[in-house]
Amino acid sequence: MLEFNQVTKVYDGTEKAVNNLTLDIEKGEFIVFIGPSGCGKTTTMKMVNRLIETTEGSISIEGENIKNKDLVELRRTIGYVIQQIGLFPHMTIQENISLVPKLLKWPQDKRRDRAKELLKLVEMEESYLDKFPEELSGGQQQRIGVLRALAADPPLILMDEPFGALDPITRETLQMEFKQLQKSLHKTIVFVTHDMDEALKLADRVVIMKEGCVVQEGTPSHIVRNPANDFVREFIGKDRLVQNDPSNQTVEEIMNPNPVTVQEDMNLREAIKIVKANRVDTAVVVNEEKELKGFIDVDTINRYHRDNLEVGKVLKEFPIEVKKGTPLAAVIRKILVSEVKYMPVIDENKSLIGIITGASLADVVYESIWGEEEHQNGENETIGVK
Amino acid sequence: MIEFLSNNGSELLVKTWEHFYISLLAILLGVIVAIPLGVALTRARKLAGFVIGIVGVVQTFPSLAILAFFIPILGVGQVPAVIALFFYSVLPILRNTYTGVNGVNKDLLEAGKGMGMSNWERIKDVEVPLATPVIMAGIRVSTVYLIGWATLASFIGAGGLGDYIFLGLNLYRPDYIIAGAIPVTIIALITDLLLGKLENKVVPKGLSNTQKAA
């Protein structure tokens, strides 16, 4: 659908931003260009809608060279989403979404209907249509940014680090939403990012670039399993450990099954004895049926030890609990993102069956690093035998 | 004062009207010329400094000299007065249009370009609407100055409230001077007030207060 044929871009006569790039992109494919800054990924993308012109080689869409098309018309048939969102502050959400349809001279009602239809895709209410961008949160604004690119139903959409400026949690939500959307709409997506996590999560095919050249391309799992060289290996980095190895492990495998517990109806003095005897800084609070209630920590003890209250009165609740059987990868992300120290594991009756700590997490990470090294040594030995 | 008004009341109204309409005409001409020119200059940066410099120099010419300069070319009366005043109205509007349009967030322009807006569509739908707060500020400054300077138009026979002021000067009659000066101030204040209202109307909704202030 989209073909790069020996494309080269030279800036200022000497510096090759993109060097002899040849690539075929299938219809409906989600392709992610990734690499360190200055690797030519953004230049490559912007050559598609001719915000940057190629120096040599050709790019064609559906077999037609883009140089033969009218510039403005070409761009109206390609969706474009940028990192800075770029909604027009003086236009309502509806006007923003239906900008390209307006340029294409769609009638007013058709434009409004289309805007409504699109808002439904991201589960936003129709009342947003008449608001202005500044009344929306960053995440909502970028949702509108994406809808704006979809408005005239272009077969191809270019996205330049669209989620890069959002906070981690919003980013994750939008990534998930967008992947769903792409699956149902069968658009061809060219996506640029420097976030490996994002690339592996979204892409059908990842293209890793360095200094204007493609270093490696392939499906995320192929790249993660067979990195072409040290650059790729380093670039994938620890994400791979987190994303790949623990993927089939569940939380039970790494949790501590015997955390220090205190009873809800104990008084604080008894609880302190238990905490002290076990030399821990936090104890999980349960009731007689082992049902999880919360926790007490040094801070709680410090604050209330004079009052000698019942534990149930001073406990704090865990911000996050996980059910048994949850894949480890999901939990690691939560711990990394939310910076909680402990995460209790519960069964379907809310009974405590264990706890995940920073230490158990560290074990997983070290094990997979150590495991990898061992694996490499193994390879060397085989080569030695040959 | 009351005696002056009863003797000259209707004439005062006529002169006020003349004054108002000479200034307004000059401003309108200024708007018509300076806004497109300002936008055009943002497309020709190299020329911009030069053109704005020239207009700035024109601004420093003594206004009496400019008025006098037009007498041999255009004669006396309202036409040369309007044209001379027009020269003064250009600079603030031109400079603010140029600055305002240049100050539009480049990301928005890139988004517009990437979505397939033509150059004209970007000017009309993005750059000028977003620059209106700054352009309007230029128009307001220009207008207030011009209403003051229009008193000099009387010097070349264009009428207006300047007539009273010059008459008062010649006859040593302070009441005439006051009768000319006070309405000028009032017109300036009222016009600025009305322009403020107009500004609220033409500045697009959705631009936050901070942007309006810019």
Side-chain angles (χ1 to χ4, degrees), chain A residues 42 45-52 69-105 130-136 141-142 144-145 148-152 154 157-162 165, chain B residues 35 38-39 42-43 45-46 96-139 196-214:
Chain A
T42 306
M45 191 200 73
K46 286 186 178 172
M47 284 192 290
V48 176
N49 63 1
R50 289 175 61 193
L51 283 173
I52 297 174
K69 290 192 185 178
D70 176 72
L71 191 61
V72 164
E73 262 163 39
L74 170 79
R75 289 177 183 158
R76 288 177 188 175
T77 57
I78 301 175
Y80 188 46
V81 185
I82 61 175
Q83 181 182 6
Q84 301 81 1
I85 304 175
L87 293 184
F88 296 118
H90 61 299
M91 296 183 186
T92 62
I93 297 307
Q94 194 227 310
E95 287 168 327
N96 266 294
I97 295 179
S98 45
L99 192 91
V100 179
K102 192 180 170 197
L103 297 175
L104 294 170
K105 308 246 175 348
D130 298 316
K131 291 196 174 168
F132 286 96
E134 65 168 8
E135 299 171 67
L136 272 58
Q141 287 190 16
Q142 192 56 301
I144 302 299
R148 181 170 68 172
L150 290 169
I157 296 176
L158 309 178
M159 304 181 93
D160 186 4
E161 303 200 26
Chain B
I35 293 182
V39 174
T42 60
R43 298 298 190 274
R45 300 264 169 108
K46 281 182 188 151
N96 279 34
T97 306
Y98 180 77
T99 320
V101 171
N102 249 351
V104 170
N105 188 337
K106 296 289 170 279
D107 297 330
L108 296 179
L109 295 181
E110 157 131 0
K113 210 169 166 187
M115 283 188 298
M117 291 176 104
S118 65
N119 207 352
W120 168 240
E121 282 159 346
R122 285 204 302 280
I123 291 173
K124 170 174 71 88
D125 294 335
V126 181
E127 292 173 89
V128 171
L130 287 176
T132 36
V134 188
I135 297 176
M136 275 307 292
I139 295 178
K197 300 234 153 143
L198 180 71
E199 182 174 334
N200 288 338
K201 281 219 160 147
V202 296
V203 169
K205 278 187 222 156
L207 291 190
S208 67
N209 291 325
T210 49
Q211 277 169 300
K212 264 181 203 161

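Each chain gets a letter, A, B and so on, in the order its sequence line appears, and its residues count up from 1.
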Between A/N49, A/L103, A/L158, the one whose heavy-atom pairs under 4.5 Å with chain B are most numerous: A/L103

Heavy-atom pairs under 4.5 Å with chain B, option from A/R75, A/E73, A/E135 with the top count: A/R75

Structural part of A/L99 lying under 4.5 Å from a heavy atom of chain B: side chain

Min side-chain heavy-atom separation A/P133-A/I144 under 4.5 Å: no

Check: B/K106 side chain, B/N102 main-chain N or O, donor-acceptor pair, under 3.5 Å: yes

Sidechain-backbone polar pair: A/Q84 side chain, A/P162 backbone, donor-acceptor under 3.5 Å: no

Structural part of A/K46 lying under 4.5 Å from a heavy atom of chain B: side chain

A/V100 portion near chain B, given a 4.5 angstrom heavy-atom threshold: side chain

Working for salt bridge (Lys or Arg N to Asp or Glu O under 4.0 Å), residues A/R76 and B/E121: CA-CA 13 Å; A/R76 288 177 188 175; B/E121 282 159 346; 2.8 Å; yes

When B/N105, B/D125, B/T132 are compared by non-hydrogen pairs under 4.5 Å with chain A, the top option: B/D125

Side-chain heavy-atom pair A/I93, A/F132 within 4.5 angstrom cut-off: no

